[in-house]
Amino acid sequence: MLARIAGTIYTEAVSHGVPHSLAQEMAQDYWIREMHPGAVVVTEGEARRHPQAREASKAGLG
């Protein structure tokens with residue numbers, strides 16, 4: 001079911017003029033959020049600016 005929804009996200013985005021690469025990222029983001037709801041992606045810049053992000057990164061959550 002998740003694959004069908006991710007495919008629909010991609011198809012609908014492309015059909016409404018969203019570039020292929022961005023539509024792919026949108027579908028991928030949905031997939032990741034559904035498969036790993038507790039996952040947090042933290043970049044180095046965010047970790048420096050936000051103490052909570054830094055702690056999540058140290059704990060292996062980001």
Side-chain angles (χ1 to χ4, degrees):
M1 184 65 167
L2 292 178
R4 291 179 68 187
I5 295 170
T8 300
I9 290 169
Y10 171 81
T11 303
E12 288 294 316
V14 169
S15 71
H16 286 88
V18 174
H20 161 75
S21 59
L22 180 56
Q24 237 179 351
E25 287 181 33
M26 292 166 61
Q28 187 175 37
D29 288 347
Y30 169 78
W31 181 268
I32 290 169
R33 279 194 313 271
E34 291 299 313
M35 294 301 290
H36 306 284
V40 177
V41 177
V42 179
T43 64
E44 285 186 37
E46 290 173 326
R48 283 194 292 271
R49 289 191 307 269
H50 303 289
Q52 288 177 333
R54 186 172 43 248
E55 293 305 315
S57 180
K58 285 180 187 177
L61 300 175

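In this structure, CZ in Arg4 is found 11.5 Å from OG1 in Thr11, a value given to the nearest 0.5 Å.
Both Tyr30 and Leu22 are members of a single hydrophobic cluster when ILVMFWY side chains are connected at heavy-atom separations under 4.5 Å. Grouping the Ile, Leu, Val, Met, Phe, Trp and Tyr side chains by contacts below 4.5 angstrom, directly or via other members, places Met1 apart from Ile32.
Every pair passing ring pair (Phe, Tyr, Trp, His ring centres under 6.0 Å) that includes a residue from residues 5-24 is listed here, sequence neighbours excluded: Tyr10-His20.
The two residues Val14 and Ala23 make their nearest non-hydrogen contact at CG2-CB, 3.6 Å.
Every residue two or more places apart in sequence or in another chain that forms a side chain to side chain contact (heavy atoms under 4.5 Å, CB included) with Met35 is listed here: Leu2, Trp31.
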